[in-house]
Amino acid sequence: MSGGDIAGLIAAGVFALLVLLLAVPILKLGGVFDEVRSSIRSISDGATPLMDEVTATVSTTNEQLKKVDGIASNVSDASANISALSSLVAATVGSPLIKVAAFSYGVRSAFARKSTPSSGRRSR
């Protein structure tokens with residue numbers, strides 16, 4: 001064996017040792033990728049029922065909002081009717097009440113002037 005053959009054997013041994021040393025982290029990295037894959041699969045399997053529940057919840061919420069919208073519309077109509085009714089009552093009853101109040105004030109003023117003697121002077 002010559003010196004070149006020995007150097008080649010040493011280089012081949014070092015190369016084999018290097019391959020073995022690099023194989024260990026690569027195998028561990030493969031295990032990490034397997035764990036990541038199984039974790040993603042379990043998250044995906046758990047997320048599907050959750051999405052179905054969220055869809056059902058949103059659907060139920062939309063139905064309830066439609067009911068609330070109907071109630072709000074009815075309340076709006078009722079408040080408009082009450083406003084119109086109060087305006088009608090104010091116009092119908094308010095004007096005669098103002099006239100009765102003015103008439104009663106005039107009668108009271110007339111009786112008050114008649115019962116007190118006039119001194120000839122007017123006071124304000």
Q) Got a sec, which pairs hit salt bridge (Lys or Arg N to Asp or Glu O under 4.0 Å) with one end in residues 33-44, sequence neighbours left out? A)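 Every pair satisfying salt bridge (Lys or Arg N to Asp or Glu O under 4.0 Å) with a residue in residues 33-44: D34-R37.
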Q: Check whether any side-chain heavy atom of N81 sits under 4.5 Å from a side-chain heavy atom of L85, and report yes or no.
A: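 Counting from C-beta outward, N81 and L85 never come under 4.5 Å.
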I'd like a table of donor-acceptor pairs (distance under 3.5 Å, sequence neighbours excluded) in which one partner is a side-chain atom from residues 93-109, with atom names and distances.
unit_1	atom_1	unit_2	atom_2	d
S104	OG	V100	O	3.3
S104	OG	A101	O	2.9
S109	OG	Y105	O	2.9

Quick one: [atom1] on [X] to [atom2] on [Y], what's the gap to the nearest 0.5 Å?
X   : Y   : atom1 : atom2 : answer
L88 : S83 : CG    : OG    : 11.0 Å
N74 : D69 : CG    : CG    : 9.5 Å
I82 : D77 : CD1   : CG    : 11.0 Å
K28 : I26 : NZ    : CD1   : 12.5 Å
L17 : L22 : CG    : CG    : 9.5 Å
D52 : T57 : CG    : OG1   : 10.5 Å

Q) Hey, is the main chain of V89 close enough, under 3.5 Å, to the side chain of T92 for a donor-acceptor pair? A)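 No, because the side chain of T92 does not come within donor-acceptor range (under 3.5 Å) of the backbone of V89.
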Q.
Tell me if a side-chain donor or acceptor on T55 pairs with a main-chain N or O of M51 at a distance below 3.5 Å.
A.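 Confirmed, T55 side chain pairs with M51 backbone.
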Are [X] and [Y] linked, directly or through other ILVMFWY residues, by side chains that come within less than 4.5 angstrom of each other?
X   : Y   : result
I40 : V32 : yes
V14 : L9  : yes
V24 : L27 : no

